[in-house]
Amino acid sequence: MSRDQHKKKIVLVEDEAILIKLLEDKLVSEGYQIVTARDGAEGLEKIKEEKPDLVLLDIIMPKMGGFEVMEELNKDEILAKTPVIIVSNSGQPFELERAKKMGVKDWLIKTEFDPKEVVEKVKNLIG
Amino acid sequence: MASFIRPLETFSSDLQEIRRRKLLNILLLSLIYCALVGVVFALVSWLGLNLPNQLLLFGLCLYVLATSSIVYIINRYGSSRFASVLFLIFMGMGIILSDEASEIATGQTLLAFVPFVVIGSFILSPSVSFILAAIVSVVVTAITLALNLIPNPFVIITFFMIAFVSWLSARSFQEGLEDLQILNHELDRIAKMLVRRDLELTYSKEEIITEKGKIDSVVNSLVDGLIMVDEKERVMLINPKAKVVLKVKEEENVIGRTLSELTNLGYLKNLYEILGNKVEWTGKQYELQIGERLKRTFQVRTTPVVTKSQQIIGLLIILYDITREKEIERMKTEFVSIAAHQLRTPLSSIKWALRLVLDGDLGKISPKQVEVLESGYQSNERMIRLINDLLDVARIEEGHFLYKFSLVSLEDIVKKVIKSLADLISAKKIMFNFRKPEKPLPLVRADIEKIELAVQNLLENAIRYSKDGGKVIVDLNQEKENVKMEISDNGIGIPEQQKPQVFTKFYRGYNAIKAGTEGSGLGLFITKNIIEEHGGKIWFESEEQKGTTFWVAIPINPDLKYQN
Amino acid sequence: MASIQAGVGKSNNPDSQKAGQEAARQAIGQIGKSPDLMIIYSSVALNQEQMLRGVCEEAKGALIVGCSDSGEITNDGPTSRQVAAMAIASDKIKFTVGLGKNVAADSYRAGQEAAQELVKKAPAEVSLGVSFLEGLTGNGAAIIRGMLSVLGEHFPIIGGSAGDDFNFKKTYVYCQDQVLNDAVVILGLSGKFSWGVGVRHGWEPIGLPMRATKSEGAVLKELDNLPALKIYEDYFGKKAEELTKEPIARMAYTYPLGMSVKGSPELLIRDVVIANEKGEITCAAEIPQGSEIRLMLGDSEKAIRAARQAAKNASGQLKNSPARAIFIFDCMARHKLLGEQIGKEIEAVQEVLGSKVPLIGFYTYGEQAPLGGDINRDTCRSEFHNETMCLLVLGD
């Protein structure tokens with residue numbers, strides 16, 4: 001377990017099972033510790049529990065959307081500092097604006113990136 | 001009194017005729033009244049005292065009564081001229097019969113013949129007096145001679161003198177009447193003219209009213225709100241729809257009042273405000289939203305009312321209800337937006353899955369497998385592009401295609417796009433030529449992502465619609481206050497009859513479809529929107545089978561420095 | 001407390017029955033008690049039977065009279081294609097109605113019939129008759145003579161001939177719950193009350209006078225021994241064919257004929273209706289042979305002034321009593337002459353008699369009124385008029 005201690009921890013919040021699987025595999029193979037959540041509410045819980053180094057967050061999800069998760073995180077002083085990358089299929093300009101104001105580090109539209117590129121972005125951000 | 005005068009009433013449009021009849025009537029009636037008195041008198045004296053001549057008086061009165069009645073009847077229902085002649089004959093005979101022959105011969109009856117001559121000139125014609133004077137002279141002379149007396153020449157001279165005076169007065173009287181007659185006819189002619197004019201006027205008035213009625217009913221039943229104002233912004237016309245829309249009470253009279261005076265009524269204030277607190281012909285369209293809970297949207301336009309003689313007599317404000325259109329538009333774009341998002345989700349799964357397999361993350365795969373999976377991956381990419389285009393169109397129409405302006409180098413953008421298209425260029429063996437600007441180009445204020453998309457669309461089109469081994473030239477230069485880009489190819493061209501639709505949504509040239517080139521038909525629509533949002537212009541020339549040239553001109557912000 | 005209460009209502013409800021109901025209800029509402037009499041004028045655009053049924057439902061127990069029209073008049077001024085109603089209640093006036101039928105067959109007889117029924121049913125001596133005549137068939141003047149033969153030579157009659165919105169097809173009179181064509185109704189007023197009439201037209205004679213040298217009833221054959229139509233050929237400058245092609249009325253309603261009659265300061269007007277190839281003109285009512293005829297010219301200003309004079313005449317006859325109800329019988333030709341100014345005529349009347357006084361009237365195809373507005377029982381001569389503003393005012 002000690003090996004896991006220095007592994008960077010990422011919470012992946014995504015409602016599509018296949019995408020979770022693909023991205024999780026890719027990130028694990030890159031040496032990250034992954035905690036997954038299937039909706040916004042579960043995601044928020046996990047983030048609070050795990051205090052991860054990075055959050056990969058979808059926007060349109062059941063129970064609680066990505067923006068609501070961000071709002072909740074921003075209420076907590078410590079959690080608010082957790083870097084967040086949005087990985088979504090949505091991506092209208094006004095959403096980007098809103099996300100930026102909430103302190104989101106990056107916004108990746110799923111169809112425009114593949115897992116490799118996502119990993120690159122992650123690496124750039126947290127090493 | 002009325003019953004006394006009544007028998008005197010005559011009727012004719014000929015004044016001479018009226019005069020003759022009236023005169024005769026007066027004479028006859030007075031004679032009849034006198035004769036009646038005479039008869040009564042004779043009867044009374046017969047019973048009482050014996051007067052001399054009473055038989056004569058009685059006979060004369062009866063004679064007068066009989067002859068006068070005959071003449072009166074003829075005068076009333078027959079010819080007045082005949083009645084007059086008859087009257088004169090009876091009168092002459094009466095005078096002659098009533099006097100002794102000796103009295104006539106000596107000229108004692110002279111006095112009795114005077115009214116005979118005078119009346120004749122008045123009731124028949126002025127010159128009749130001379131004829132009557134002559135007749136009387138002949139009769140008197142004849143009687144004188146018959147009695148073996150010497151005729152008295154003074155009597156005859158007197159007759160003719162009376163006749164002369166009578167002629168003079170009757171003539172002047174008649175002339176006066178004739179003048180009056182002429183005047184009467186003149187007046188009648190004028191009356192006729194007046195009536196005709198009045199008739200015409202009535203007709204045209206009626207026509208105007210019917211025309212106006214037609215226009216009114218058109219205006220009143222129009223589904224759009226209409227307000228017409230004059231140059232002082234006074235309301236000249238407002239149709240019921242406009243009143244309903246603007247919540248102005250039907251009975252409220254707004255005609256003749258200026259819009260600024262009326263801002264306390266309904267939504268007139270809102271209307272006036274969106275027009276900029278003045279009514280001008282700007283050619284612009286405004287949007288007016290009114291309503292408390294259920295908002296309705298109206299497109300407001302102003303247009304001048306011009307007469308045939310090119311005179312502007314007012315300005316028309318048209319309120320066109322676009323609430324429904326707006327709602328449909330909103331629903332449509334929302335649908336596209338959601339649909340696009342929902343479509344992207346499975347596509348991203350496919351993309352990622354294939355990518356991982358292709359990258360060998362899931363174990364080694366054979367080159368054959370790579371080839372098949374790669375073509376699947378590319379098809380998926382095409383699908384993604386199509387959906388992205390759809391999303392862009394939806395955003396453009398929704399007004400959500402936001403622009404983030406910054407200073408950008410068009411040259412850099414073109415270079416970047418060419419680089420991204422390198423695979424395609426080499427695959428189609430295109431002879432690609434980018435003619436760099438002769439001198440450094442100024443930076444332009446633009447949304448880098450959108451401009452990139454526009455350039456990408458244009459270059460990609462030029463390449464895709466060229467045959468293998470075709471030629472594409474990109475030329476970038478400054479022209480006056482614009483940066484101008486020219487992209488020409490020697491590809492399949494745009495069919496002549498389809499040219500007007502090139503920039504419309506989902507347009508695809510039939511030759512392009514036939515050639516099997518892929519495309520959504522949205523690229524040029526998006527491109528044109530982007531260029532125009534930058535204040536620029538896009539146009540083209542093309543000939544089928546020969547090639548196409550597109551030009552794009554984007555204005556430079558004049559405050560900016562030149563590129564190094 | 002006034003001895004007469006009157007209320008006015010109108011409705012433009014497209015449902016005929018509802019229109020009748022609404023107008024009647026509104027009128028009755030204003031008097032606040034059940035009416036003794038309802039006067040109804042209605043456009044023929046409404047179904048006449050349904051409309052009257054609507055009125056009957058609201059005005060149970062009241063006497064109902066009226067006719068179809070070519071436009072209604074109320075306190076709000078002229079309207080068209082509506083129903084207008086006046087409700088009257090009075091403890092001083094007793095109302096009786098007489099009905100005569102078959103006007104086309106024998107107008108004189110129809111008038112007699114109506115008057116006889118009126119006299120028979122009236123509880124007391126009738127002091128005034130209000131007539132509603134068939135508007136298109138028969139001879140209006142003969143109807144009046146028929147009535148006068150029963151009611152007395154100097155009996156005052158005022159009223160109007162029914163209209164049909166200028167269609168000239170069919171007109172109706174109303175008597176209780178009946179809608180009748182080819183009929184006349186006379187309403188008798190008995191009791192002690194003051195009243196006044198005004199009869200004026202304001203038309204002016206123009207051109208030289210002519211003599212009706214040959215005429216038969218309403219057909220004028222010769223003027224000054226020439227075909228009668230020549231007067232219009234001369235004045236209009238049109239050929240006879242043009243004048244006989246369609247009803248000459250269409251062209252000539254603002255250019256009627258006037259004949260001088262004793263006892264009237266104005267010429268008595270006769271509308272010309274139709275002309276034939278023989279040059280004969282059929283008028284709206286008879287023109288006695290031998291009458292002096294003038295062409296008349298209308299002028300809107302004078303027409304409005306005439307309305308004011310008529311109102312003054314009526315007001316003068318009220319003998320200081322306040323006006324309680326105004327009845328207007330106004331010729332449809334005046335409507336045409338005045339066009340958009342039509343309201344001014346009514347305004348002029350209201351200025352004289354008071355704008356609050358309940359007012360009802362209609363645009364007629366002919367008016368009936370004492371000549372010159374003279375209601376003296378020794379000299380009054382009720383006549384058939386055209387193109388004239390006739391009004392009746394009731395006082396206490």
Side-chain angles (χ1 to χ4, degrees), chain A residues 12-32 34 36 38-39 56-62 65-67 85-101 106-123, chain B residues 333-334 336-363 373-374 377-405 420 447-450 452-453 530 533:
Chain A
L12 175 56
V13 193
E14 166 66 60
D15 59 331
E16 276 285 312
I18 171 80
L19 289 183
I20 289 183
K21 188 171 167 11
L22 292 172
L23 203 51
E24 189 184 3
D25 286 358
K26 188 80 186 169
L27 287 166
V28 168
S29 70
E30 293 292 332
Y32 293 103
I34 303 299
T36 64
R38 295 293 301 276
D39 61 63
L56 289 174
L57 184 62
D58 196 2
I59 287 294
I60 298 171
M61 287 179 295
F67 280 115
I85 295 177
I86 303 285
V87 183
S88 172
N89 265 321
S90 186
Q92 303 209 48
F94 67 89
E95 293 174 313
L96 299 181
E97 286 294 314
R98 189 174 166 198
K100 213 173 178 182
K101 276 183 194 141
D106 212 338
W107 185 299
L108 307 179
I109 293 175
K110 288 175 199 165
T111 50
E112 306 300 313
F113 293 86
D114 52 37
K116 203 160 71 188
E117 288 165 312
V118 177
V119 172
E120 267 166 35
K121 291 270 180 192
V122 172
K123 272 187 184 155
Chain B
T333 48
E334 199 178 84
V336 172
S337 192
I338 287 171
H341 176 259
Q342 297 305 102
L343 285 168
R344 266 177 168 181
T345 303
L347 290 176
S348 51
S349 304
I350 295 166
K351 179 185 167 102
W352 286 18
L354 287 175
R355 195 72 256 163
L356 287 179
V357 176
L358 279 166
D359 287 356
D361 283 40
L362 308 172
L373 287 176
E374 182 63 40
Y377 183 84
Q378 285 308 329
S379 294
N380 193 48
E381 283 297 292
R382 231 156 61 205
M383 191 73 176
I384 289 167
R385 263 203 308 279
L386 180 63
I387 286 162
N388 285 349
D389 281 353
L390 267 174
L391 254 181
D392 284 342
V393 169
R395 280 177 202 150
I396 285 169
E397 296 190 329
E398 217 174 354
H400 281 161
F401 208 50
L402 293 182
Y403 289 86
K404 283 185 293 185
F405 287 98
S420 76
D447 180 320
I448 189 157
E449 270 179 46
K450 303 288 155 40
E452 211 178 289
L453 183 60
I530 292 170
E533 272 313 308

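Computation of the quantities below employed the complete heavy-atom set of this structure, encompassing side-chain atoms and omitting hydrogens, waters and symmetry-equivalent molecules. Keep in mind the model is a prediction, meaning the values are calculated, not measured.
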| query | Should we count CD of A:Glu117 as having more than 12 external heavy atoms under 6.0 Å? | reply | yes
Contact summary for [X] and [Y], nearest pair of heavy atoms:
X        : Y        : value
B:Ser349 : A:Leu19  : CA-CD2, 3.6 Å
A:Phe113 : B:Trp352 : O-NE1, 2.7 Å
B:Leu356 : A:Lys26  : CD2-CD, 3.4 Å
A:Leu22  : B:Ala353 : CD1-N, 3.4 Å

| said: What part of A:Lys21 gets within 4.5 angstrom of chain B, counting heavy atoms only: side chain, backbone, both, or neither? | reply: neither
| said: Looking at chain A, which one of B:Asp361, B:Ile350, B:Asp359, B:Thr345 has the largest number of heavy-atom pairs inside 4.5 Å, strictly under? | reply: B:Thr345
| request: Could you look at B:Asn388 and say if it's the side chain, the backbone, both or neither that has a heavy atom under 4.5 Å from chain A? | output: side chain
| query | What is the distance from atom CZ of B:Arg385 to atom CD of A:Glu112, rounded to the nearest 0.5 Å? | reply | 10.0 Å
| request: May I ask you to test the B:Leu347-A:Lys110 pair for a side-chain heavy-atom distance under 4.5 Å? | output: no
| said: When you measure from the side chain of B:Arg355 to the backbone of A:Asp114, do you find a donor-acceptor pair of N or O atoms at a distance under 3.5 Å? | reply: no
| request: For chain B, find which of A:Ile60, A:Asp25, A:Ile18 contributes the most heavy-atom pairs closer than 4.5 angstrom. | output: A:Ile60
